[in-house]
Amino acid sequence: MRTQTRRPSSAGRPLHAGPLTYVLLGVATLVSLFPLYWNVVAASHSGKRVVTAPAPLLPGPRLLDNLSYAWNQVDMGEALINTTIVASLVALSTVLFATLAGFAFAKLPFKGRSMLLALVVATMTIPPQLSVIPLYQIITDLGWVDQLQSVVLPSLVAAFGVFFMRQYLVEALPVELVEAARVDGAHSLRIVWHVVFPVARPAMAVLGMLVFVQAWNDFFWPFIALTPEGSPTLQVALAGLGAGNHTVDHAVVLTGALLSTVPLLLVFAFLGKHIVGGITAGAVKN
């Protein structure tokens with residue numbers, strides 16, 4: 001009688017990547033980092049050298065000079081502070097309001113919930129350019145032109161954030177957990193603080209990062225509401241960077257772009273673990 005040999009099951013054992021996987025990941029990493037590297041290279045050369053073929057691939061000697069010139073030409077320090085204030089306030093308010101609204105749409109039964117959610121999602125199809133004229137009239141009547149609140153208040157909450165948090169809480173927050181908290185006598189505010197926020201923390205970190213980056217890089221509305229001579233955000237200040245007599249110093253422009261990118265890298269380094277955890281949360285079912 002022939003005995004059949006069973007192959008050992010791979011269930012429960014850690015999977016190991018092969019050499020080809022590491023090669024592909026290394027190539028993808030180099031391709032992703034090359035634009036940032038070339039930004040540093042271009043910022044270390046003169047403007048004429050940057051536009052001369054072949055393009056430089058090694059750092060030059062003018063990085064500190066270009067950094068100093070770009071920093072002082074448009075008051076980069078004030079622009080960085082203004083952008084940090086605007087992006088932080090927009091990110092915090094969007095995460096807070098989107099989490100509260102997402103919890104209501106996901107777990108609180110009330111009349112018209114589906115219709116209201118559909119209306120919120122439908123607003124994402126409206127181009128922001130359509131609201132520029134009435135929004136500018138409003139901030140003009142309020143006397144907010146060239147003030148940071150004219151950029152912050154219209155962006156306190158986003159429909160995408162509400163939909164994102166709703167979709168996350170539908171799966172991540174068991175309704176039994178909310179009902180158990182109500183049975184224990186917890187009011188709505190306490191449920192949100194002690195139940196909803198801890199469960200939604202990974203998604204809140206992801207949403208906060210996405211909104212922060214979007215607010216940091218926003219140019220269209222800040223360029224209309226703010227002026228380079230007043231209280232500009234970083235993107236508005238960069239619009240006038242490197243301008244000369246009928247020429248543009250591309251090295252200085254890329255130096256300003258480098259200065260605007262470094263804070264985003266620091267934010268990602270600080271929130272990277274939460275972002276990865278939020279992306280992978282719920283990917284594996286127990």
Side-chain angles (χ1 to χ4, degrees), residues 81-124 148-218 233 263-286:
I81 294 175
N82 292 338
T83 308
T84 302
I85 293 173
V86 170
S88 300
L89 290 177
V90 170
L92 289 174
S93 64
T94 300
V95 169
L96 175 62
F97 293 135
T99 304
L100 294 175
F103 168 63
F105 281 123
K107 299 299 177 180
L108 298 182
F110 57 90
K111 292 183 178 180
R113 182 175 65 175
S114 300
M115 183 183 66
L116 287 176
L117 180 61
L119 289 176
V120 171
V121 175
T123 59
M124 292 191 290
L148 296 182
Q149 59 262 35
S150 64
V151 180
V152 174
L153 292 181
S155 306
L156 288 180
V157 67
F160 166 77
V162 175
F163 180 74
F164 178 83
M165 294 305 303
R166 186 262 177 189
Q167 294 299 107
Y168 181 85
L169 290 173
V170 165
E171 299 292 337
L173 181 62
V175 67
E176 293 81 8
L177 195 61
V178 178
E179 293 175 352
R182 292 196 182 278
V183 170
D184 290 339
H187 51 78
S188 299
L189 183 60
R190 188 171 183 179
I191 292 175
V192 170
W193 184 261
H194 292 283
V195 178
V196 178
F197 283 171
V199 173
R201 189 176 302 166
M204 293 168 68
V206 176
L207 180 61
M209 179 64 189
L210 294 176
V211 175
F212 186 90
V213 172
Q214 190 275 332
W216 186 277
N217 294 325
D218 191 16
T233 58
L264 292 181
L265 297 177
L266 296 177
V267 171
F268 183 81
F270 177 73
L271 295 176
K273 183 182 297 185
H274 297 284
I275 293 171
V276 174
I279 294 174
T280 59
V284 179
K285 183 178 293 186
N286 296 326

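Note that the structure is a prediction, hence the values are computed from the model and not measured.
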Which residues pass the ring-ring contact (aromatic ring centres under 6.0 Å, His included) test with Phe160, not counting sequence neighbours?
Phe164
Partner residues of Phe105 under the ring-ring contact (aromatic ring centres under 6.0 Å, His included) criterion, sequence neighbours left out:
none
Note, Ile85 side chain near Ile81 side chain (heavy atom, < 4.5 Å):
yes
Looking at residues at least two apart in the chain, or sitting in another chain, which of them share a side chain to side chain contact (heavy atoms under 4.5 Å, CB included) with Leu265?
Leu36, Thr261
Nearest 0.5 Å, please: how far is CG in Leu148 from OG1 in Thr83?
8.5 Å
Please find the pair of heavy atoms, one from Ala172 and one from Val199, that lie closest to each other, and give the distance.
O-CG1, 3.5 Å
Take atom CD of Gln167 as the centre, draw a 6.0 Å sphere, and report whether it contains more than 12 heavy atoms from other residues, nucleotides or ligands.
yes
Which residues pass the ring-ring contact (aromatic ring centres under 6.0 Å, His included) test with Phe103, not counting sequence neighbours?
none
Do other residues, nucleotides or ligands put more than 12 heavy atoms under 6.0 Å from Phe163 CZ?
no
Are the side chains of Asn217 and Leu264 in touch, meaning some heavy atoms are under 4.5 Å apart?
yes
Find out whether Val211 and Val95 are in side-chain contact, i.e. whether some heavy atom of one side chain is under 4.5 Å from a heavy atom of the other.
no
Identify the two heavy atoms, one from Thr94 and one from Ala158, that lie closest to each other, and give their separation to 0.1 Å.
CG2-N, 4.0 Å
Contact list for residues 148-164, test side chain to side chain donor-acceptor pair (under 3.5 Å), sequence neighbours left out
Gln147-Gln149
Would you say Leu92 and Phe212 make side-chain contact, with heavy atoms under 4.5 Å?
no
Tell me the side chain to side chain donor-acceptor pair (under 3.5 Å) pairs involving residues 99-114, sequence neighbours left out?
none
